[in-house]
Protein chains: 2
Amino acid sequence: MDSATPRRRRPRADARRNYERLLAEADAVFREHGVDASLERIARQAGVAIGTLYKHFPTRLALIAALLRERHDALFARGDALLADASPGAALATWIRLVVAHAATYQGLAALFIVGPGLKAAELAEDCARLASVTEQLVGTARAAGALRPEVTSADVSALMNAAAWVHEEISADQANRLLDLAVAGMTPTGTALGS
Amino acid sequence: MDSATPRRRRPRADARRNYERLLAEADAVFREHGVDASLERIARQAGVAIGTLYKHFPTRLALIAALLRERHDALFARGDALLADASPGAALATWIRLVVAHAATYQGLAALFIVGPGLKAAELAEDCARLASVTEQLVGTARAAGALRPEVTSADVSALMNAAAWVHEEISADQANRLLDLAVAGMTPTGTALGS
DNA sequence: ACCTGAACACCGTTCAAGT
DNA sequence: ACCTGAACACCGTTCAAGT
């Protein structure tokens with residue numbers, strides 16, 4: 001059985017260094033120019049040839065996915081912790097803020113998340129599925145606790161989070177927060193904030 | 001004085017025909033591939049050389065603006081009519097639907113509208129300003145009539161309209177409508193739909 | 001007055017040749 | 001095992017030359 005998943009050989013030192021430099025430069029370039037930024041620029045800034053970038057990351061999405069790996073693990077861990085929170089409304093409110101802030105880190109990232117499990121985004125499909133799963137559980141708990149109107153779906157909450165992240169990218173964090181607060185008030189039985 | 005704005009000379013017949021064909025093909029290509037579609041493809045499909053496209057439309061935004069001209073005139077006319085509506089809440093609700101449907105016609109259009117009067121978009125700046133102006137007036141009337149919570153700004157409504165159009169582009173008209181209904185409920189003193 | 005298409009720059013992607 | 005960089009395709013944009 002184990003032979004089907006051979007343990008990875010220790011990578012060569014220069015390969016590992018190139019991999020790390022590429023990730024670091026990709027983060028810098030994506031922060032400044034969004035996830036559609038030039039891959040050639042990333043390779044150039046990392047001091048490697050373009051072929052080396054493609055060797056390590058066969059597609060743009062593979063690069064993005066590798067870049068998000070650690071942050072996603074941390075995000076999902078926080079999500080799992082929130083599921084055990086005593087106040088389901090407050091837990092969902094916290095989760096929404098976390099996800100919006102994360103999805104707004106690079107311009108264009110929210111657009112990737114929103115298509116999610118959809119056709120494309122192969123390398124990010126699993127991350128999107130986990131994101132949707134945690135959201136669905138938190139929405140379910142909040143609804144069961146009476147913190148959400150019964151007709152609000154987890155798809156509604158996901159769409160809102162991505163839309164708010166997009167507003168954050170395109171206008172400002174402030175305007176994104178206002179949209180979030182208004183829409184959340186519309187999802188609440190009392191017409192106010194979640195968890196209050 | 002009039003000599004400062006010389007009356008346009010009648011364009012040559014082939015020039016006029018090329019102009020019209022370019023607009024028609026641009027509409028078709030933008031509908032299928034969004035506003036970032038290849039200009040070369042548009043010229044090719046219109047049967048003209050790339051230089052001819054640039055002669056008529058010096059920038060991509062000039063082409064988009066020309067394409068939206070008639071639709072914008074119709075939209076703003078409807079907006080002016082809505083300002084005289086007896087029910088300000090219902091009028092705003094109608095306006096929101098009109099703008100969202102319009103902003104979702106081409107993928108990427110909402111992203112242009114949301115930056116609006118912002119730095120770029122020179123050729124579209126005036127259209128964005130008129131859009132914002134009508135929205136501001138309708139929001140003001142609705143608020144004065146008690147149909148909106150007092151703290152809701154016209155910037156909030158504009159952000160919501162663009163966000164809903166984006167969700168329409170990226171997911172579905174249905175999901176966009178759900179976001180719209182939920183957020184509007186959060187903007188209303190009663191937590192329900194506008195104009196009811 | 002308008003149109004054509006070559007020219008240049010830049011990027012995505014692949015792959016033969018090197019070490 | 002990994003890296004390099006040329007090669008090809010495609011597009012944005014400009015402009016000299018044609019009609």
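Every chain is numbered from 1 and lettered A, B, ... according to where its sequence line falls, protein lines coming before strand lines. Model, not experiment: these values are computed from the prediction.
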(message) With nearest nucleotide decided by heavy atoms, which residue, A:Arg16 or B:Thr52, maps closer to the 5′ end of DNA chain D?
(response)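 Its nearest nucleotide lies further toward 5', so the answer is A:Arg16.
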
(request) Please state whether the phosphate of C:dC3, meaning OP1 or OP2, lies under 4.0 angstrom from any side-chain nitrogen or oxygen of B:His56. (result)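 Result: yes.
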
(message) Using modelled atom types and a 3.5 Å cut-off, is there a donor and acceptor pairing between side-chain atoms of B:Arg60 and backbone atoms of B:Val35?
(response)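 Such a contact is found between B:Arg60 side chain and B:Val35 backbone.
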
From [atom1] ([X]) to [atom2] ([Y]), nearest 0.5 Å:
X        : Y        : atom1 : atom2 : value
B:Thr153 : A:Arg178 : OG1   : CZ    : 4.5 Å
B:Tyr19  : B:Thr52  : OH    : OG1   : 14.5 Å
A:Leu61  : A:Leu67  : CG    : CG    : 12.0 Å

Check the distance between [N]'s [atom2] and [X]'s [atom1] and give it to me in whole angstrom.
X       : N      : atom1 : atom2 : value
A:Asn18 : D:dG5  : CG    : P     : 13 Å
B:Lys55 : D:dA17 : NZ    : P     : 18 Å
B:Leu53 : D:dC15 : CG    : P     : 17 Å

(message) If I pick the P atom on C:dT13 and the same atom on D:dC2, what distance separates them, to the nearest angstrom?
(response)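 One P to the other, the span is 22 Å.
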
(message) So that I can tick it off, tell me whether B:Arg149 and B:Asp156 are bridged by a salt bridge, with the cut-off set at under 4.0 angstrom between side-chain N and carboxylate O.
(response)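 Looking at B:Arg149 together with B:Asp156, the answer is no, because their closest N to O distance does not fall below 4.0 Å.
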
(message) Closer than 4.0 angstrom, basic N to acidic O: yes or no for A:Glu126 and A:Arg130?
(response)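 Salt bridge: no.
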
(message) Reading DNA chain C from 5' onward, which residue's closest nucleotide shows up sooner: B:Ala49 or B:Arg12?
(response)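 The 5'-side residue here is B:Arg12.
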
(request) Hunt down the Watson-Crick or G-U wobble partner of D:dT19, both distances under 3.5 Å, from any strand shown, or write none. (result)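 By the stated definition (distances under 3.5 Å), C:dA1 pairs with D:dT19.
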
(message) Counting only Watson-Crick pairs (N1-N3 plus N6-O4 or O6-N4) and G-U wobbles (N1-O2, O6-N3), all under 3.5 Å, who is the partner of D:dA7?
(response)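 Matched D:dA7 with C:dT13 under the 3.5 Å cut-off.
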
(request) Between C:dC3, C:dT4, D:dC2, spot the one nearest the side chain of B:Val48, thanks. (result)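 Looking only at side-chain atoms, B:Val48 lies closest to C:dT4.
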
Report each atom pair, protein N/O against N/O of nucleotides 10-13 of chain C, whose distance is under 3.5 angstrom.
unit_1	atom_1	unit_2	atom_2	d
C:dC11	OP2	A:Arg44	NH2	3.3
C:dG12	OP1	A:Leu39	N	3.2
C:dG12	OP1	A:Arg60	NH2	2.9
C:dG12	OP2	A:Leu39	N	3.0
C:dG12	OP2	A:Glu40	N	3.2
C:dT13	OP2	A:Tyr54	OH	2.9
C:dT13	O5'	A:Tyr54	OH	3.4

